[in-house]
Amino acid sequence: MTFLQLVEGPLWYLAVVVFVVGVVWHLVGLVRLGRSVDRSVARASGTAGALKAIALHSVPHGGNLGRTIYHFVTGYAFHIGLFVLVLFAAPHVKFIHDRILGFGWTAMPRWGFLIAAEAAFAGLILMWVRRLTDPVMRRLSDADDHFGVWLIFLVMLTGCLALQEAHDGLKALHMLFVDILLIYFPFGRLMHAFTFVFSRAYTGATYGRRGVTP
Amino acid sequence: MTTATTIEPSTVNVQAAIDRFQAVIGSHIASYLEACIHCGQCSQACHFHEATQDPKYTPTLKLVPMTRVYRRHKAPLAGVKKLFGLVPPELTADDLIEWKELIFDSCTMCGRCTEVCPMGIDIASIVGLSRQAMTAAGVGPSDLWEAAENSRTRGSPLGLTPELLADRLEWLADDNEVEIPLDRDKAEVLITVSSIEMMKYPDSIVAMAKILNAAGVDWTISSKGYEATNFGVLSGKPDIAKIMVTRLTTAAEEVGAKTLVIPECGHAYGAMRWSGANILGRPLPFEVVHITEMVAKLIRDGKLKLKSTAESMTYHDPCQISRRGGATAAARDILGAFATDFREMTPTANHNWCCGGGGGVQAMGSAAELRHKVFQVKIDQVEATGAEHLVSSCANCRLTMDESRQALGWTREIKSLVEVLADQLED
């Protein structure tokens, strides 16, 4: 078995199983911690509050733009760029068709790939630079914050290098980092990709009952 | 980080804190602890950070002790992570002592940080629960605990016993020629008081009585349950929190009140309106309203006749009444009924800056210097309006602002909304 066969075969399947089982286990465990019933008399709908909070906290609101605008621009550049790359880069569309779903969709043209990749790299690097230079973020950051950033960076970098698929080694390296990312995902702060919905919804429901959208 | 040097680590019951942290972490708290991405945006919403520019006052840093316990003991997959040494170390006495300033002295639980948080994390609620764990360990401000114990043993944090309450109400009634009913057998409305008002701003009690009498409200105060402030909630002593809620509930049930009115006090409103039933463990058989909500309704119902005034006014929103209480509109309805030159601060209403003394910080001697410093934020806000009068509807905010303005040499007086309104009642 070649290294490429290993990372695209057994290691890939292991990574997917760890990712899916880990994420589900994590989220079910989170919900199973439970919450006592709120016996106060609601002024307004908690469900509406939860939905409002999920939407509202996706954009800056209520003033305080000073710090938020940097995170808003870099954060959206990175996340949108990354999702576009994952779903529409030609090799990914082929991989999804051949190895995951059995069907695919039209891949984006090369210029689209370049824009998405530049947005994702710029966003990620600028966010990380901010983490290193801003006194508040430096005070807050831990190893998990940096590890997550570096793992994503290496996945994206090796992905770009492997784009031409001219060298199996580069493609294998990309797959190796993807496998590591998937295995690490349920155990670290990358889980915010799922937990943000819970966090916003709980707060939105609590304050929505009070007639406030925080 | 500067810390209280008087706490000896060997006296700290770390296990009690760990147990309490674990007990209070439900799915909502866990989702908060999981979702924080350490972006630091909350720092710009915190008056303690903005006034000092010290990163240690970044609100989300207050989550650290609870997060460590959660990740080590309670988080899903913690067992697997432990195998690989990926869980944080156990909490220590030094950690708790170090975090005392952040959990108590430098958080008013104003909730401003939640607004700016992209994850919507309710940091104030985590601070409230963390205070329970710190207190269980024996780490916290002794003056705040003393106020809570006074509530348990003497009925009030400032020593307003039932006997003293009766004396002071009689004196206020005689002195101001106003009827203040105490311990009537039955009444539609039970009025509660804040001991800060009774002991430091008694004119607001008189004003409240004048307004209720003018509107023909069927009301009473009860010596069995009169203290609206709940220092059990603020100090992390849930047993005292329950005693205070029980006293008010029993008093309201005995007089058959349909409505229990919280006076001009912010945290008292949150403690009874939104937490009361949860602390008690059963629904409350009466409505809980803030005095501003009650008065706004009396005005809407045409039961109060008011004279207008052209004197310019601005309003300070108590955080627990507006941002965390949802009664934001009531004060504006009242001011709109008689103040022809009402000026909003920037930011205002649910986005307003805290006075610096909420969450029991006002009662902590160790926090005095810091809260005076952060009060400059409020001074700047008020001055920018150019209004002649600063009005609020929380005696704790008023006391905080009065102390801080004296410390900073700011000459403006802070007025009570019910006092200002009572002056506008038509004869």
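Every chain is numbered from 1 and lettered A, B, ... according to where its sequence line falls, protein lines coming before strand lines.
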Using a cut-off of 6.0 Å, state whether more than 12 heavy atoms not belonging to [X] lie near its atom [atom1].
| X | atom1 | answer |
| --- | --- | --- |
| B:Lys82 | NZ | yes |
| B:Lys74 | NZ | yes |
| B:Lys297 | NZ | no |
| A:Trp105 | CH2 | yes |
| A:Phe83 | CZ | no |

Side chain to side chain contact (heavy atoms under 4.5 Å, CB included) evaluation trace for B:Val80 with A:Phe187: CA-CA 9 Å; B:Val80 178; A:Phe187 300 95; 3.8 Å; yes
What's the shortest heavy-atom distance between [X] and [Y], and which atoms?
| X | Y | value |
| --- | --- | --- |
| B:Gln41 | A:Thr68 | OE1-OG1, 3.0 Å |
| A:Leu33 | B:Ala30 | CD1-CB, 3.4 Å |
| B:Leu77 | A:Gly22 | CD1-O, 3.8 Å |
| B:Ser31 | A:Phe198 | CB-CB, 3.6 Å |
| B:Tyr269 | A:Arg43 | OH-NH2, 2.7 Å |

Separation between OH of A:Tyr202 and CG of B:Asp122, rounded to the nearest 0.5 Å: 13.5 Å
Side chain, backbone, both or neither: which part of [X] has a heavy atom under 4.5 Å from chain A?
| X | result |
| --- | --- |
| B:Leu284 | neither |
| B:Arg324 | both |
| B:Asn350 | side chain |
| B:Val64 | neither |
| B:Ala75 | neither |
| B:Ser43 | side chain |
| B:Pro347 | neither |
| B:Ser322 | backbone |
| B:His28 | both |

Measure distances from [X] to the heavy atoms of chain B and classify the residue's part below 4.5 Å as side chain, backbone, both or neither.
| X | value |
| --- | --- |
| A:Pro186 | both |
| A:Phe196 | both |
| A:Asp38 | both |
| A:Leu65 | backbone |

Tell me, with the steps shown, if B:His38 and A:Asp142 meet side chain to side chain contact (heavy atoms under 4.5 Å, CB included). CA-CA 9 Å; B:His38 295 166; A:Asp142 59 18; 3.6 Å; yes
Sort out for me which of [options] touches chain A most, counting heavy-atom pairs under 4.5 Å.
| options | result |
| --- | --- |
| B:Ala78, B:Gly276, B:Ser275, B:Cys36 | B:Cys36 |
| B:Glu34, B:His351, B:Gln44, B:Met119 | B:Gln44 |
| B:Pro76, B:Ala327, B:Ala277 | B:Pro76 |

Contact winner vs chain B - [options], heavy-atom pairs under 4.5 Å:
| options | result |
| --- | --- |
| A:Arg189, A:Met191, A:His192, A:Met127 | A:Arg189 |
| A:Asp144, A:Val136, A:Val212 | A:Val136 |
| A:Arg130, A:Arg209, A:His26, A:Met137 | A:His26 |
| A:Val59, A:Val41, A:Val197 | A:Val41 |
| A:Asn64, A:Thr195, A:Thr206 | A:Asn64 |
| A:Arg39, A:Arg131, A:Arg138 | A:Arg39 |

Take A:Leu140 and B:Leu61 through the test side chain to side chain contact (heavy atoms under 4.5 Å, CB included) and record every step on the way to the result. CA-CA 7 Å; A:Leu140 297 174; B:Leu61 210 54; 3.6 Å; yes
Would you sort out whether A:Arg210 and B:Arg273 count as a side chain to side chain contact (heavy atoms under 4.5 Å, CB included), showing the intermediate values? CA-CA 9 Å; A:Arg210 302 180 187 188; B:Arg273 173 66 179 90; over 6 Å; no
For the residue pair B:Thr58 and A:Arg139, confirm or rule out a side-chain donor-acceptor distance under 3.5 Å. no
